[in-house]
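Scope of the values below: all heavy atoms of this structure, side chains included, with no hydrogens, waters or symmetry mates. Only a predicted model underlies this, so the values are computations on that prediction, with no experimental measurement involved.
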Amino acid sequence: MNSGLTLFLFTTLSLLAGCAPHSPIDAKKMGSSDKESSITNKNFSTQLTDKDIFGNETTLAVSEEDIQAALEGEEFRVPLNSPVILVQSGSRAPEAIMQQEMGRYYTVATFSGIPDRQKRSTCKKDKSKEESQDVSAAENMNWMQALRYVAAKGHQKAIIVYQDTLQTGKYDAVTKNVVWSDYKNEKLANSASLRYLIRFTLVNVATGEWATWSPVNYEYKILPSLSAKKDDLQTFTEQQVAQFKQRTYASMVKDLVSRYQ
């Protein structure tokens with residue numbers, strides 16, 4: 001076989017592999033064979049955005065009639081012991097402390113809170129299918145819609161997503177205010193404070209109706225350590241952060257359950 005014929009066969013097989021026909025259901029699936037190359041993209045964010053959670057509702061042209069119709073809907077409820085999916089934004093799984101607290105009131109399953117930013121490759125030579133593929137890709141871009149489908153398959157009643165930020169604050173003697181910044185596992189001074197910011201979003205799996213709630217910020221003053229050793233100070237800081245999270249999660253979850261049960 002000469003080199004020209006070999007090159008022709010290789011090119012033909014490559015084109016056939018890249019432009020193989022797909023069934024309609026295949027077109028709607030984000031294939032497991034897709035490469036997760038986008039994860040290495042420097043612009044990739046591991047946090048869920050409002051678009052991930054609410055879809056395109058934040059950019060729709062909403063009329064007054066739409067608002068009034070929404071007001072007529074039933075109040076959002078998640079009865080005690082309901083099976084729910086718990087998601088922490090930016091984490092493969094919610095923290096164990098939060099799972100334990102939620103488990104006191106609900107039957108909890110977990111799901112990754114890191115959005116899938118995969119970009120499907122399309123065969124540019126098949127122009128007739130580009131439009132349908134674009135529609136399919138747009139459908140899969142709705143993270144919450146896909147998660148509702150997963151929850152429905154598992155017979156879960158609701159999805160609870162929480163977005164949390166732990167911050168440390170230092171008193172500014174000039175402005176006489178506490179200046180807050182995100183906590184990055186640094187050693188905390190005795191004069192520092194901690195606060196936890198959380199937003200919960202609850203979604204009804206059957207209807208897609210949702211509710212959001214942000215509890216009052218919980219603040220905590222760092223207690224002074226009696227040890228001067230660096231390792232002891234770091235361990236002491238970690239213990240105080242863990243204790244603060246435990247108390248905060250317990251209070252927040254209790255309030256959430258009381259509000260929506």
Side-chain angles (χ1 to χ4, degrees), residues 45-50 52-54 76 78 80 84-106 108 110-115 158-203 210-261:
S45 173
T46 61
Q47 297 293 328
L48 295 172
T49 65
D50 283 350
D52 292 320
I53 297 174
F54 305 115
F76 195 97
V78 183
L80 291 176
V84 303
I85 287 182
L86 178 65
V87 179
Q88 179 181 9
S89 175
S91 178
R92 290 291 180 190
E95 290 185 89
I97 304 174
M98 179 63 88
Q99 292 188 49
Q100 292 169 1
E101 292 301 326
M102 285 287 183
R104 297 176 186 272
Y105 308 97
Y106 305 120
V108 176
T110 65
F111 197 82
S112 173
I114 299 178
I159 298 166
I160 301 176
V161 179
Y162 70 99
Q163 297 160 285
D164 60 321
T165 303
L166 179 62
Q167 294 187 324
T168 178
K170 295 181 180 179
Y171 182 75
D172 188 330
V174 177
T175 62
K176 301 187 183 303
N177 291 315
V178 176
V179 179
W180 297 95
S181 60
D182 291 353
Y183 175 64
K184 299 179 180 178
N185 296 318
E186 69 269 21
K187 183 177 66 176
L188 299 177
N190 292 336
S191 59
S193 298
L194 289 172
R195 74 174 180 182
Y196 219 61
L197 310 178
I198 291 187
R199 185 182 77 175
F200 290 97
T201 302
L202 301 89
V203 179
W210 51 265
T212 62
W213 175 62
S214 295
V216 175
N217 300 337
Y218 286 78
E219 298 184 8
Y220 175 72
K221 183 72 173 178
I222 294 296
L223 299 176
S225 173
L226 300 178
S227 174
K229 295 181 179 180
K230 182 178 180 180
D231 292 343
D232 291 343
L233 289 174
Q234 184 63 32
T235 301
F236 186 72
T237 296
E238 293 172 355
Q239 291 174 346
Q240 291 199 81
V241 170
Q243 293 171 1
F244 175 58
K245 282 189 174 183
Q246 177 72 57
R247 291 196 294 268
T248 301
Y249 284 166
S251 298
M252 288 182 172
V253 171
K254 184 178 180 180
D255 290 346
L256 180 141
V257 172
S258 176
R259 179 180 292 265
Y260 293 107
Q261 70 179 353

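- Counting all heavy atoms, side chain and backbone alike, Ala158 lies closest to Val78 at CB-CG2, 4.1 Å.
- Of all heavy-atom pairs between Lys221 and Ser193, the closest is CD-OG, 3.7 Å.
- Rounded to the nearest 0.5 angstrom, Tyr220 OH and Thr168 OG1 are separated by 12.5 Å.
- Taking CG of Leu194 as the start and CH2 of Trp180 as the end, the distance is 7.0 Å to the nearest 0.5 Å.
- The structure places CE of Met102 at 4.5 Å from CD1 of Ile160, a figure rounded to the nearest 0.5 Å.
- Note that CD of Gln261 and OH of Tyr105 are 9.5 Å apart. Values are rounded to the nearest 0.5 Å.
- Considering OG1 of Thr248 and CG of Leu197, their distance stands at 10.5 Å, rounded to 0.5 Å.
- No donor-acceptor pair under 3.5 Å is formed between the side chain of Gln246 and the backbone N or O of Ile97.
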Could you walk me through whether Leu166 and Phe244 pass the side-chain contact (heavy atoms from CB on, under 4.5 Å) test, one step at a time? CA-CA 10 Å; Leu166 179 62; Phe244 175 58; 3.7 Å; yes

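- The side-chain heavy atoms of Pro215 and Phe200, taken from C-beta on, include a pair separated by under 4.5 Å.
- Using a 4.5 Å heavy-atom threshold, the side chains of Asp172 and Asn177 count as separate.
- At distances below 3.5 Å, at least one donor-acceptor pair connects side-chain atoms of Ser89 with backbone N or O atoms of Leu48.
- Under the rule for a side chain to side chain contact (heavy atoms under 4.5 Å, CB included), the partners of Thr212 that lie at least two apart in sequence or sit in another chain are Phe54, Thr201, Trp210.
- Atom CZ of Arg199 sits about 6.5 Å away from atom OG of Ser214, to the nearest 0.5 Å.
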Dump the intermediate steps for side-chain contact (heavy atoms from CB on, under 4.5 Å) on Met98 and Asp164, then the final yes or no. CA-CA 11 Å; Met98 179 63 88; Asp164 60 321; over 6 Å; no

Listed pairs under 3.5 Å, donor-acceptor, residues 249-260 side chains, sequence neighbours left out:
unit_1 : atom_1 : unit_2 : atom_2 : d
Tyr249 : OH     : Glu95  : OE2    : 2.5
Tyr249 : OH     : Tyr196 : OH     : 2.8
Ser251 : OG     : Arg247 : O      : 3.1
Asp255 : OD2    : Tyr218 : OH     : 3.4

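- Every residue two or more places apart in sequence or in another chain that forms a side chain to side chain contact (heavy atoms under 4.5 Å, CB included) with Ser91 is listed here: Gln88.
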